[in-house]
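These numbers were taken from a predicted model, which means no experiment stands behind them.
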Amino acid sequence: MNFSFPGQRPDEQVILVNHRHWIAYLPDVLFGIVGAVAPFIILAVLPMADVDVASSPTRNILIVTYSLWFLALTTWLFVRWLDYYLDLCVITDSRVVDIDQFGLFRRNVAELDRKSTRL
């Protein structure tokens with residue numbers, strides 16, 4: 001396997017690289033879908049509440065608000081995907097390394113060396 005990771009020893013060969021199951025990311029995807037659809041539902045309900053959506057000030061406020069909402073939602077989904085993608089379990093010929101990413105700038109690496117275990 002042609003994979004390298006931070007802290008890999010020069011004589012170490014990677015046997016298996018494993019991510020968390022994709023279903024662990026499913027709640028974030030569902031929240032993203034609901035968050036993407038909610039503004040359109042609100043936009044459909046506003047005329048029922050006697051809000052003139054076609055007027056210039058209201059339209060401009062809605063455009064800015066929805067643009068900021070979608071930017072924040074996209075950023076949040078990207079950070080959650082990055083957290084999911086960078087959480088790894090690497091099995092090598094001499095140890096097991098668990099890499100957990102927290103946000104954008106923090107990482108926790110735990111390892112179990114084969115020499116430190118007793119069978």
Checklist entry - What's the shortest heavy-atom distance between Arg95 and Gly7, and which atoms? => result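 Looks like NH2-O, 2.6 Å.
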Next on the checklist: For a quick test of reading the model, state the closest non-hydrogen atom pair linking Pro47 to Ala44 and the distance between them.
Outcome noted: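 For Pro47 and Ala44, the tightest heavy-atom pair comes out as CD-O, 3.5 Å.
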4.5 Å side-chain heavy-atom contact, [X] and [Y]:
{"X": "Phe40", "Y": "Val45", "value": "no"}
{"X": "Gln8", "Y": "Thr92", "value": "no"}
{"X": "Cys89", "Y": "Val97", "value": "no"}
{"X": "Val90", "Y": "Leu16", "value": "no"}
{"X": "Tyr66", "Y": "Leu43", "value": "yes"}

Side chain [X], main chain [Y], donor-acceptor under 3.5 Å:
{"X": "Thr58", "Y": "Ser55", "result": "no"}
{"X": "His19", "Y": "Tyr85", "result": "yes"}
{"X": "Trp69", "Y": "Gly35", "result": "yes"}
{"X": "Asp93", "Y": "Glu12", "result": "no"}
{"X": "Tyr25", "Y": "Tyr84", "result": "no"}

Check whether [X] and [Y] end up in the same hydrophobic cluster, where Ile, Leu, Val, Met, Phe, Trp and Tyr are linked by side-chain heavy atoms less than 4.5 Å apart.
{"X": "Val34", "Y": "Ile42", "answer": "no"}
{"X": "Leu30", "Y": "Phe78", "answer": "yes"}
{"X": "Leu82", "Y": "Leu26", "answer": "yes"}
{"X": "Ile63", "Y": "Leu71", "answer": "no"}

Please round to the nearest 0.5 Å and tell me the distance separating atom [atom1] of [X] and atom [atom2] of [Y].
{"X": "Asp98", "Y": "Asn108", "atom1": "CG", "atom2": "CG", "answer": "7.5 Å"}
{"X": "Asp83", "Y": "Arg107", "atom1": "CG", "atom2": "CZ", "answer": "11.0 Å"}
{"X": "Phe31", "Y": "Leu73", "atom1": "CZ", "atom2": "CG", "answer": "7.0 Å"}

Next on the checklist: Determine whether Ile99 and Leu86 satisfy the following criterion, side-chain contact (heavy atoms from CB on, under 4.5 Å), listing intermediate values before the conclusion.
Outcome noted: CA-CA 7 Å; Ile99 303 171; Leu86 293 178; over 6 Å; no
Tell me if the [atom1] atom of [X] is crowded by more than 12 foreign heavy atoms within 6.0 Å.
{"X": "Glu111", "atom1": "CD", "result": "yes"}
{"X": "Phe102", "atom1": "CZ", "result": "yes"}
{"X": "Phe70", "atom1": "CZ", "result": "yes"}

Item to check | Derivation and outcome, side-chain contact (heavy atoms from CB on, under 4.5 Å), residues Ile91 and Asn18 | outcome: CA-CA 8 Å; Ile91 300 174; Asn18 197 10; over 6 Å; no
Item to check | Qualifying residues under side chain to side chain donor-acceptor pair (under 3.5 Å), relative to Thr65, sequence neighbours excluded | outcome: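 Listed in chain order: nothing, the list is empty.
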Item to check | Non-neighbouring partners of Arg106 that pass salt bridge (charged side-chain N to carboxylate O under 4.0 Å, His left out), sequence neighbours left out | outcome: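 Result, salt bridge (charged side-chain N to carboxylate O under 4.0 Å, His left out) vs Arg106: none returned.
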Next on the checklist: Salt bridge or not between Asp87 and Arg20? Use side-chain N to carboxylate O under 4.0 Å.
Outcome noted: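 Judged by the 4.0 Å cut-off on N to carboxylate O distance, Asp87 and Arg20 do form a salt bridge.
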Item to check | From CA spacing to verdict: side-chain contact (heavy atoms from CB on, under 4.5 Å), Asp28, Trp76 | outcome: CA-CA 9 Å; Asp28 297 329; Trp76 181 81; 3.6 Å; yes
